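Notes follow the structure.
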Amino acid sequence: MGYDFGKIEKKWQKFWKENKTFKAENISDKPKYYVLDMFPYPSGAGLHVGHPLGYIASDIYARYKRHEGFNVLHPMGYDAYGLPAEQYAIQTGTHPEETTNKNIKRYREQLDKIGFSYDWDREVRTCDPHYYKWTQWTFIQLFNSWYNNKTNKAESIKKLIEHFETDGNKGIDAATDQIETFTANDWKNLSDKAQQEMLMHYRLAYLSDTMVNWCPALGTVLANDEVKDGFSERGGHPVEKKLMKQWSLRITAYAQRLLDGLETVDWSENVKEIQRNWIGRSEGASVNFKIKDHNELIEVFTTRPDTLFGATFMVLAPEHELVEQIVTDDRRDEVLEYITYAKNRSERDRMTEVKSITGEFTGAYGINPLNVEEIPIWIADYVLSGYGTGAIMAVPGHDSRDFAFAKHFDLPIIQVVSQKGEKPSDPKNWEESYDAKEGIMINSGFINGLEVKEAIAATIKEIEKKGIGYCKINYRLRDAIFSRQRYWGEPFPVYYKDGMPYTLDESELPLELPPVDKFLPTEAGDPPLARAKDWKTKEGYPLETNTMPGFAGSSGYYLRYMDPHNNKEYFSKLANEYWQDVDLYIGGDEHATGHLIYSRFWNKFLFDIGLACKDEPYKKMVNQGKIQGRSSFVYRVQGTNKFVSYNLRKQYQTQALHVDISLVDNDVLDVGAFKNSNPEYKNAQFILEDDKYICGHEVEKMSKSKMNVQNPDELIEKYGADTLRLYEMFLGPLEQDKPWDTKGIEGVFRFLRKLWRLYFDDNDQLIVTNDTPADDELKVLHKTIKKVRNDIERFSFNTGVSAFMICVNELSDLKCHKREILEPLAILISPYASHMAEELWTALGHDPGISEVEYPHFDEKYLAENTFSYPVSFNGKMRFKIDLPTDMPVAEIEKAAIEAEEAQKWTEGKTVRKIIVVPNRIINVVVQ
RNA sequence: GCUCGAGUGGUGGAAUUGGUAGACACGUUGGACUUAAAAUCCAAUGACCAUUGCGGUCGUGCGGGUUCAAGUCCCGCCUCGAGUACCA
C-alpha cells in the first residue's frame with residue numbers, strides 16, 4: 001500500500017476539525033502571535049494554484065509558532081461584497097447573497113482539502129449583518145468626528161460645536177476645506193440646516209459635490225485605486241469624470257501620519273514606496289498673485305519658490321473658478337470654447353494626448369509679487385484642478401511642461417538658475433528646459449548668488465514677511481469616495497431630513513440590506529436601493545440609497561477576528577489588548593494603494609477614538625508573488641486543419657493556438673484527446689517529430705481563456721495536500737513571481753514517499769528502531785534542524801524544502817531507521833507536511849497532537865568537525881582541495897597548501913607572492 | 001518620463017556576511033530490476049576543447065573598475081517586469 005495520502009489526509013482533517021485543534025484562546029498565559037492572510041473575495045471560479053501560495057506560507061509559519069509555544073491566532077473569512085456577484089445577479093436574477101454563499105461553500109471545501117490550521121470558529125463575512133453592524137457603526141463614528149491638527153487626532157464633533165458656540169471657528173486648526181472665519185454669533189445665527197452644512201466641512205465622513213470616476217457600464221462611482229489607465233479595474237470598462245453628490249472619507253487628514261507610520265512597520269520597501277508615492281507629499285510655498293484691475297487673488301502652489309523671478313506667465317485649470325471673472329471681453333469666446341473642449345475631453349483622451357499642447361490666453365494679467373511685473377494669465381488643461389489650487393506660476397526656464405507651453409505659444413523664458421562657473425545662455429536657443437535642483441540664482445533680485453536651497457528658504461521668509469504667501473506642504477492623496485450606486489454592499493446608516501443627512505441611532509444597527517425586485521438603477525437613475533419598499537425610518541424619513549464600497553468591510557476585519565462573536569461592541573478591550581495587532585500579514589502587493597492604505601486609515605481612526613490599542617495594524621508584511629500560468633500552444637498551418645509540431649513550425653506559415661494544458665504532458669500533446677476536445681479538431685491532421693507532437697509554451701497570466709488554469713483539487717486528488725503544500729513552497733522564493741509548472745510536482749511526491757520509507761517497509765510495517773544513533777546520523781539531523789529553523793524565520797520556504805530533501809537522501813543512504821533521529825524529523829516537517837507528520841507521530845506511539853509539540857533544537861556539538869576540506873585557489877581560481885584539521889594554525893595551513901603535490905603544477909616556475917588563509921573557508925595562493 | 005525590482009544551465013531555482021558558481025528538483029541520456037508495466041535504484045548531465053588517461057579554457061545581461069578573491073561592492077549601459085503619470 002505504501003504512503004496512502006488520501007486516507008491519511010481525510011483522517012487528520014476530520015480530527016483537527018472535531019477536536020478544534022487550532023482554536024485560539026483570548027485568555028492565555030502564552031505569548032500571542034497573530035498570523036493573517038489577506039481577506040479573499042470568494043469568486044465563482046474557485047481557487048487556482050496561485051491563491052493558496054500565501055495561505056500555505058502563512059500556515060507553515062503559524063504552525064511553526066505553535067510549536068514554539070505561542071498562542072496563535074490564525075483566522076480566515078470572506079470579503080463577501082463585490083461586483084461580480086452583483087453583475088451575475090443583473091444578468092440572471094439570482095440574488096447576490098445566494099451566489100456568494102455558494103461560492104463561499106466551494107471556497108471552503110477547497111481550503112479544507114489543503115489542511116490549513118485556521119480557527120474556523122472565528123470566521124467572519126462582510127455581508128453578515130452581525131459583522132456589518134460594526135462597519136456601519138464605524139461610519140457613524142467617522143461622521144461624528146473631525147480632525148484636529150493641533151492634537152493631531154480625530155475628536156468628537158460635539159467638542160467642535162461647543163467651540164463654535166463660544167468662539168466661532170477662531171483658533172480651530174482642522175482638516176477642512178472651510179477657509180472663511182466665522183464668529184460665535186455667526187454660528188448661532190445660522191439655521192439648523194446651515195449649521196449642518198457647515199459641519200459637513202469638518203466631518204471625517206462627509207457628503208459633498210465631488211468630481212468622481214463614473215463608470216457607466218457598471219453604473220457606479222469608483223475610487224481612484226479602482227481605476228487603472230482610465231478603465232475600471234473590475235471588468236475593464238471606460239471611466240469618466242462627473243460631478244456628483246457623494247460620501248467621502250477625509251483620509252487626507254491622515255496623510256502625514258500614514259506617511260510617518262511607514263517608518264515603523266516591517267514591510268517590503270516596494271509597498272512602502274508605492275504608498276509614499278500615492279500619498280505624494282511635496283514641500284513648497286503657497287503664493288498669492290494679484291490680478292491687474294481685479295480685487296481677487298490667485299493662489300498658486302509651488303515647490304520652487306526660488307524660481308519666482310523666472311515666472312513669466314500663469315496658468316489656471318480650465319475649471320478654475322476665477323476664469324469667468326477675469327476673462328476679458330475680446331478673449332471670452334475663445335476661452336469659453338476652450339473650457340467646453342476641455343470638459344468634453346474624456347479622461348482617456350487626456351491621458352493619451354499628453355503630448356499635445358493646448359490652451360488659451362484669458363486677456364488678464366497677474367502681478368508677480370516680488371518684481372511687480374505683469375505676466376499674462378492663460379488657461380490650459382495641463383494644469384489639473386484637483387491638485388494644489390488648480391493654478392500655477394509658470395517658470396518655463398526650469399520646468400519642462402512650462403517650457404513646452406512657452407515654446408508653443410511663444411511666451412518669454414528667463415533663466416534664473418545657473419551652474420557654478422557656467423555662463424548663463426540665451427533660453428531662446430534651448431531645446432529643453434533646465435530642470436536644475438541645484439545651482440546659483442541669477443536674474444533674481446535679492447536672492448541672486450544664493451544656492452537653490454538657500455534661495456527657497458530666503459524666498460519663503462520674504463513672502464511670509466510681506467504677507468503674500470507661506471510655507472506649505474501639499475499631498476497628492478485624495479479623500480476616499482465612499483458611495484457606490486450598487487446593491488450588494490453595506491447600507492449607510494443615514495437618513496435625510498430637509499435634504500440634510502443624519503445618522504441613525506446606534507441602537508437601530510444593523511440597518512439590514514432590503515430586498516429589491518431588480519438589481520438595477522430605477523428609471524429615474526437612482527441606485528437599486530431606491531427600489532426597496534419602505535426604505536425609510538420609522539418616522540418616515542428616507543434612507544440613503546447608496547451603499548458602501550468594497551473596502552468598507554475589509555478595513556477593520558482583522559480587529560473583528562479578535563472577538564468575532566461580540567454582540568455589544570466591535571471587539572472587547574480585553575481581546576484587543578491581548579492580540580494587539582497583526583504580527584505577520586501575508587498577501588499580494590496589488591492592495592498597496594487600496595486596502596492597505598484604507599485599513600491603516602481606519603485603524604488610526606479607531607486608535608484615535610480609543611478603540612484600537614495600536615496605531616499601525618500590520619507589524620510585518622510579506623507579499624507573495626503571483627503564480628503565472630504556463631500556456632501550451634499548437635501550431636496550425638494557416639488556412640488548413642493541419643497542425644505542425646513545435647520544432648518544425650518554421651517551415652510553414654502557422655498560427656499559434658492555445659491548447660488546454662490538461663491535454664499536454666511534458667510538452668507532448670495527447671493527440672487523441674486533442675481531437676476529441678473540440679469538434680473543429682475532429683479531423684485534424686498532424687505533422688509530427690519523432691512520432692510526437694511537441695507543443696510550444698509561454699508564461700502568461702493564469703486564466704480560463706488561455707487554457708492554462710491549474711486547479712488544486714486535481715493535484716490533491718493525484719498527489720495529496722502535503723505534496724501540494726511542499727511543491728508550492730518548493731517552486732521558488734515566496735515573494736517572487738514564478739510560472740506554474742506541474743512537471744516538478746513528481747519530485748516532491750517522490751520525496752514524501754522516500755520520507756515515508758524511512759519509517760515503514762513495503763508491507764506497511766513500522767521499521768523504526770530504538771538503536772543509538774551514530775555521529776553522522778546525528779549530524780544530518782542537527783544540520784537540518786539548523787537550516788530549517790533559519791529558513792522558516794526568513795520566509796525562505798523553498799530552501800527549507802530542499803533541506804528536507806537533502807536530509808532524507810542522506811538518511812536513506814545511511815539506512816537510518818532510528819527513533820532518536822526520525823522522531824524529531826517528524827516534528828520538524830510538521831509545519832510543511834502536516835498530515836503525514838501527525839500520522840508518523842501517532843505511528844511512533846504518541847497521542848495525536850504533534851502541532852503542540854516543542855520544535856526541535858539543534859546542538860552545535862553534533863555539527864563540530866575535526867577536519868575541513870579546504871578549497872585551494874591560485875589567483876582566485878579553485879584548483880584542488882586539501883583536508884586539514886580545523887584547528888590548524890594559519891602558518892601550517894600555508895605550508896601544507898604550498899607543499900601539496902597538486903600545488904607544484906601551479907607554482908612551478910612562478911613566485912609565490914602571498915597566501916591568504918581564511919580559517920575553515922578558503923586558501924588563496926597569489927603567484928606571479 | 002520618474003520611482004522601485006529583477007536578469008545565473010534545456011527548466012524552476014541555490015549560493016544568508018566579498019571566499020569552492022550551478023545545492024535541491026524537473027527534464028534528458030544510459031543502465032539495473034521486471035515476461036511487461038508501474039514503482040524503485042545506480043550513473044552522466046553549464047558550454048567549448050581534449051578525450052588514451054591526466055586534463056584545460058570560458059562562464060552569473062553588456063562594458064569598465066575596486067580586491068588576494070566579485071553572481072555578491074562601485075561607475076556607465078542594455079533588456080524585462082511592477083507602480084505612477086501633465087502632481088507644479
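Worth knowing before you read on, the calculation uses all heavy atoms, side chains too, and leaves out hydrogens, waters and symmetry mates. Below, chain A is the first sequence line, B the second, and so on; all start at residue 1. Because the structure is predicted, anything quoted here is derived from the model rather than measured.
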message = Checking understanding here: a glycosidic angle within 90° of 0 is syn, the rest anti, so what is B:G9?
response = syn
key: B:A88 OP1/OP2 closer than 4.0 Å to side-chain N/O of A:S282   = yes
message = Heavy atoms only, 4.0 Å cut-off, all strands: where does A:R913 land among base, sugar-phosphate and nothing?
response = nothing
note = Encoded 5' to 3' (Watson-Crick or G-U under 3.5 Å; [ ] crossing; | other strand), RNA chain B becomes (((((((..(((......[....)))((((((.......))))))((((.....))))..(((((..]....))))))))))))....
inquiry  = Roughly how many Å apart are B:C62 and B:G10, using the P atom of each and rounding to a whole number?
reply    = 14 Å
remark   = Heavy atoms of A:V383 and A:A317 approach each other most closely as O-CB, 3.3 Å
inquiry  = Assess whether a salt bridge exists between A:E263 and A:K272, defined as any Lys/Arg side-chain N lying under 4.0 Å from an Asp/Glu carboxylate O.
reply    = no
request  = Considering non-hydrogen atoms only, spot the tightest contact between A:T303 and A:F301 and give its length.
outcome  = CG2-CE2, 4.0 Å
Polar side chain donor-acceptor pair, A:Y475 to A:T252, under 3.5 angstrom = no
request  = Rounded to whole angstrom, note down the C1' distance from B:C54 over to B:C73.
outcome  = 38 Å
query = OP1, OP2 of B:C58 versus side-chain N and O of A:K877: anything below 4.0 Å?
reply = yes
key: Shortest side-chain distance from A:R794, nucleotide among B:G12, B:U16, B:U20   = B:U16
ask   = Would you say a side-chain N or O of A:N924 is under 4.0 Å from OP1 or OP2 of B:G19?
value = no
inquiry  = Does B:G18 have OP1 or OP2 under 4.0 Å away from a side-chain N or O of A:R921?
reply    = no
request  = Using a 4.0 Å heavy-atom cut-off across all strands, classify A:R276 as base, sugar-phosphate, or nothing.
outcome  = nothing
task = Name the nucleic acid region contacted by A:E269, choosing base, sugar-phosphate or nothing; use a 4.0 angstrom heavy-atom cut-off, strictly under.
result = nothing
key: Aromatic A:F751 / basic A:R753 pairing, under 6.0 angstrom, 45° off normal   = no
Pair A:F804 and A:Y832, ring centroids less than 6.0 Å apart = yes
Pairwise P distance, B:G12 and B:G83 [rounded to whole Å] = 22 Å
inquiry  = Taking the six-membered ring for Trp, are A:Y727 and A:W740 closer than 6.0 Å centroid to centroid?
reply    = yes
query = What integer number of Å spans the C1' atoms of B:U84 and B:U11?
reply = 34 Å
task = Answer yes or no: does a side-chain N or O of A:R630 lie under 4.0 Å from OP1 or OP2 of B:U11?
result = no
Modelled atom types, side-chain donor and acceptor of A:R600 and A:Q275, under 3.5 Å = yes
request  = Assign A:K626 to base, sugar-phosphate, or nothing according to its heavy-atom contacts below 4.0 angstrom with the strands shown.
outcome  = nothing
query = Does a distance-only test, which skips hydrogens and angles, find a donor-acceptor pair under 3.5 Å between the side chain of A:K881 and the base of B:U20?
reply = yes
query = For atom C1', what is the distance between B:A14 and B:U29, given to the nearest Å?
reply = 24 Å
request  = Between B:A21 and B:U16, how far apart are the P atoms? Round to whole Å, please.
outcome  = 14 Å
task = Could you tell me whether A:I806 contacts a base, only the sugar-phosphate backbone, or nothing, with contacts defined as non-hydrogen atoms closer than 4.0 Å?
result = sugar-phosphate
query = Any side-chain N or O of A:N809 less than 4.0 Å from the OP1 or OP2 oxygen of B:A25?
reply = yes
query = For B:G13, does OP1 or OP2 lie under 4.0 Å from any side-chain N or O of A:Q736?
reply = yes
ask   = Roughly how far apart, to the nearest Å, are B:G61 and B:A70 at atom P?
value = 15 Å
request  = Considering only atom P, compute the distance from B:A15 to B:U20 and round it to an integer number of Å.
outcome  = 13 Å
